[in-house]
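Worksheet: the structure to be examined is printed underneath.
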Amino acid sequence: MRSSLCLTSNLQGSNPLMAFGSGSLVWFRKGLRIHDNPALEFASKGTDFLYPVFVVDPHYMKPDPDAFSPGSSLAGLNRIRFLLESLVDLDSNLKKLGSRLLVLKGEPGEVIIRCLEQWNVKKLCFEYDTEPYYQAMDVRVKEYASAAGIEVFSPVSHTLFNPADIIQKNGGKPPLTYQSFLKLAGQPSWASCPLSITSTSLPPVGDFGNCKISEVPTVTELGYEDTGQDELTPFRGGESEALKRLRDSISDNQWVANFEKPKGDPSAFLKPATTVLSPYLKFGCLSSRYFYQCLQDIYKNVKKHTSPPVSLVGQLLWREFFYTVAFGTPNFDQMKDSRICKQIPWNNNEDLLAAWRDARTGYPWIDAIMVQLRKWGWMHHLARHCVACFLTRGDLFVHWEKGRDVFGRLLIDSDWAINNGNWLWLSCSSFFYQYNRIYSPVSFGKKYDPNGEYIRHFLPVLKDMPKEYIYEPWTAPLSIQTKAKCIVGKDYPRPVVFHDSASKECKRRMGEAYALNQKLNGLVSEQDLHSLRRKLDEDQNHDDTKAKRQRQKLIG
């Protein structure tokens, strides 16, 4: 990473007289944008100098050689690259306004406190963050600033609503259904006021003494090697790209008015069937409030439009729902000690987990989705539903936390509240409890893409397989497999489980787990889970032995 003790005069910060004026520090974490950025706007008012700071956090950015894919221990390289592109774009946009991004490296709380100690800062401004990691960090930083007589401004602008307000309206508990959330939320308080979208200039950067300031690092400067990957994510980071994608997405008023989320095509990859604005909302390159306002303007000018939960505004409100529940639920990101999560004796089969993660399940529809996830860091929401169901309650019965961690690493739009919320939902651990409704790893994809073009693109080993067999290549005669240059068991794996029997067993296990949770009123102990797991395994072994005997009788 390129760094220097002080910058040259053309980058500002070298004039010692600057130290006599007062300054404001705006701390970027998410909210990587100029438009509708209350923290930046407040920091810029009534100040001589402005310090726009981003801290490269080793917790998220340091390379981890032991991880299953290139990246840090928590984030895959696609998301790290998307973040760096967003920072380069933010720096460019700040420079157009007479400022620039000051990049430092270290534990963010410590770095910010050090900056406050060394710079003549009177105001510290940063967007409020509901994630536990930032909550703990922000308490420490606020305490230091308060003791030092520094004003702190931390507005809620990553979401449409303040989750704490919704929880307070609900008697101190988060609403646990989408409909109850909608009734409590109503219209956002700011919705009738115009948002601050443009800026003409910003105060100059002040003197930063001996703090090591750098440009936005490249992935190579962070310590990552060229992966030589043949296909990278087609989605570039940054506010400029976010606003362009927003304009393109909402240019067709009728498309916006008629949008219904469940009707999208999960196999559409050349032109995705959704806006793909989620990664830009995740990093705050796009303001959710501005997106909401744009949609409301369109709704006012069309005769009719869809409504929540399926409309585009409905999708923003799903985001709000998960943020609110996550903020108000201790241990939201785990099964143990969570009051809203069903206690289920998931298995910890690392081989099945690895087969799913590495696209080796033997089900082309599932494997193609997992390849797209690894290469692009994104896939359609229905594709996410399919692979999450397959891993958990549908076929493999692997713990949802394991799948959550894989998504949390590989998705460019991975968001702590939404990722955990979706895995709780799709595993039928919370929010949604119809565990008998299972996505077929064969027929669901075939419904959208009967020729298997999606599979052919992401699994080229199957590109010559006839469409009759591409979703179930193990059923193809050996002559067909040979002609397609894909022998199942050699060039492409056999199925790790057989869906019909596996899904039946999963339903039985879910039914037993639900019955136990109901019997014990949710107070299921580790010992209770252990006993149920042992009973289920014994029952399955008994059934397997019985089936084997029946087969032998038929053969005999």
Side-chain angles (χ1 to χ4, degrees), residues 30-41 127-128 130 155-166 169-170 175 177-199 239-264 272-325 327 381 413 415 417-418 421:
K30 296 167 189 165
L32 304 180
R33 63 179 185 272
I34 306 295
H35 76 279
D36 183 35
N37 192 327
L40 176 62
E41 186 180 6
E127 185 175 68
Y128 185 76
T130 55
V156 175
S157 54
H158 188 63
T159 50
L160 306 178
F161 300 92
N162 184 341
D165 292 345
I166 305 289
K169 280 186 186 178
N170 200 42
T177 69
Y178 182 76
Q179 290 303 326
S180 61
F181 169 82
L182 291 186
K183 287 178 185 175
L184 286 163
Q187 288 293 316
S189 57
W190 51 266
S192 57
C193 307
L195 296 173
S196 176
I197 301 303
T198 57
S199 298
E239 178 183 20
S240 301
E241 184 66 26
L243 293 174
K244 177 181 180 298
R245 184 169 283 277
L246 174 66
R247 286 191 298 270
D248 292 345
S249 296
I250 65 175
S251 61
D252 183 345
N253 284 11
Q254 283 308 309
W255 183 85
V256 172
N258 296 327
F259 183 90
E260 288 188 66
K261 186 171 182 179
K263 293 186 178 179
T274 58
T275 63
V276 197
L277 287 171
S278 54
Y280 303 95
L281 292 167
K282 180 262 185 306
F283 284 107
C285 302
L286 174 65
S287 157
S288 61
R289 308 194 311 173
Y290 179 54
F291 187 17
Y292 179 90
Q293 212 164 63
C294 289
L295 293 174
Q296 294 293 358
D297 289 343
I298 290 173
Y299 291 161
K300 288 173 190 171
N301 293 306
V302 293
K303 288 183 179 179
K304 63 177 184 176
H305 59 81
T306 53
S307 301
V310 299
S311 63
L312 276 173
V313 159
Q315 305 317 300
L316 281 175
L317 294 171
W318 274 113
R319 179 177 183 263
E320 299 293 312
F321 168 63
F322 280 135
Y323 263 86
T324 302
V325 183
F327 181 64
H381 65 273
D413 60 6
D415 182 299
I418 299 168

- Message: Do Tyr280 and Phe291 have side chains that approach each other closer than 4.5 Å (heavy atoms only, starting at C-beta)?
- Response: no

- Item | Interatomic spacing from CG in Leu317 to OG1 in Thr159 - rounded to 0.5 Å | 11.5 Å

- Any Phe161 side-chain heavy atom under 4.5 Å of Pro188 side chain: yes

- Heavy-atom closest contact (Ser196 atom, Glu41 atom, distance): CB-OE1, 3.6 Å

- Item | Any residue meeting side-chain contact (heavy atoms from CB on, under 4.5 Å) with Ser199, in chain and number order, not counting sequence neighbours | Ile34, Leu97

- Note on the structure: When rounded to the nearest 0.5 Å, the distance separating CD1 of Ile418 from OH of Tyr323 is 5.5 Å

- Message: Any carboxylate oxygen within less than 4.0 angstrom of a Lys/Arg side-chain nitrogen, looking at Asp165 and Lys169?
- Response: no

- Task: Compare all side-chain heavy atoms of Arg245 with those of Leu277 and state whether any distance is below 4.5 angstrom.
- Result: yes

- Measure across Leu316 and Ser288 and return the closest heavy-atom pair with its distance rounded to 0.1 Å. CD1-O, 4.0 Å

- Message: Side chains of Tyr299 and Val256, heavy atoms from C-beta outward: is any pair under 4.5 Å?
- Response: yes

- Task: List in chain and number order the residues that pass salt bridge (Lys or Arg N to Asp or Glu O under 4.0 Å) with Glu127, two or more places apart in sequence or in another chain; answer none if no residue qualifies.
- Result: Arg33

- Task: Find the distance between CZ (Phe322) and CG (Asp415) and round it off to the nearest 0.5 Å.
- Result: 10.5 Å

- Is the closest side-chain heavy-atom distance between Trp255 and Thr275 below 4.5 Å? yes

- Message: With a 4.5 Å cut-off on side-chain heavy atoms, are Leu286 and His35 touching?
- Response: yes

- Is there a side chain to side chain contact (heavy atoms under 4.5 Å, CB included) between Gln293 and Trp190 once you walk through the steps? CA-CA 10 Å; Gln293 212 164 63; Trp190 51 266; 4.0 Å; yes

- Item | Distance, nearest 0.5 Å, that separates NE2 of His381 from OG of Ser278 | 11.0 Å

- Message: Has Thr306 got a side-chain atom pairing as donor or acceptor with Phe259's backbone, closer than 3.5 angstrom?
- Response: yes

- With a 4.5 Å heavy-atom cut-off, do Glu239 and Phe283 have their side chains touching? no

- Do the non-hydrogen side-chain atoms of Asp297 and Ile250 ever get within less than 4.5 Å of each other? no

- Message: Check the orientation of Trp318 and Tyr178. Use parallel for under 30°, tilted for 30 to 60°, and perpendicular for over 60°.
- Response: parallel

- Task: Answer yes or no: does atom OH of Tyr290 have more than 12 heavy-atom neighbours from other residues, nucleotides or ligands under 6.0 Å?
- Result: no

- Criterion side-chain hydrogen bond (donor to acceptor under 3.5 Å, both in side chains) on His158 and Arg319, from CA distance to verdict: CA-CA 11 Å; His158 188 63; Arg319 179 177 183 263; 3.1 Å; yes

- Distance col, row His305:NE2 vs Leu312:CG, nearest 0.5 angstrom, shows 11.5 Å

- Message: So, taking the atom named OH in Tyr292 and the one named CG in Asp36, what distance separates them when rounded to the nearest 0.5 Å?
- Response: 14.0 Å

- Heavy atoms of Pro163 and Phe327 approach each other most closely as CB-CD2, 3.8 Å

- If you take all heavy atoms of Pro308 and Leu182, which pair is closest and at what distance? CB-CD1, 4.1 Å

- Note on the structure: Of all heavy-atom pairs linking Pro175 and Asn170, the shortest is N-ND2, 3.5 Å

- Give a yes or no answer on whether the side chain of Asn253 reaches the backbone of Val302 with a donor-acceptor pair at less than 3.5 Å. no

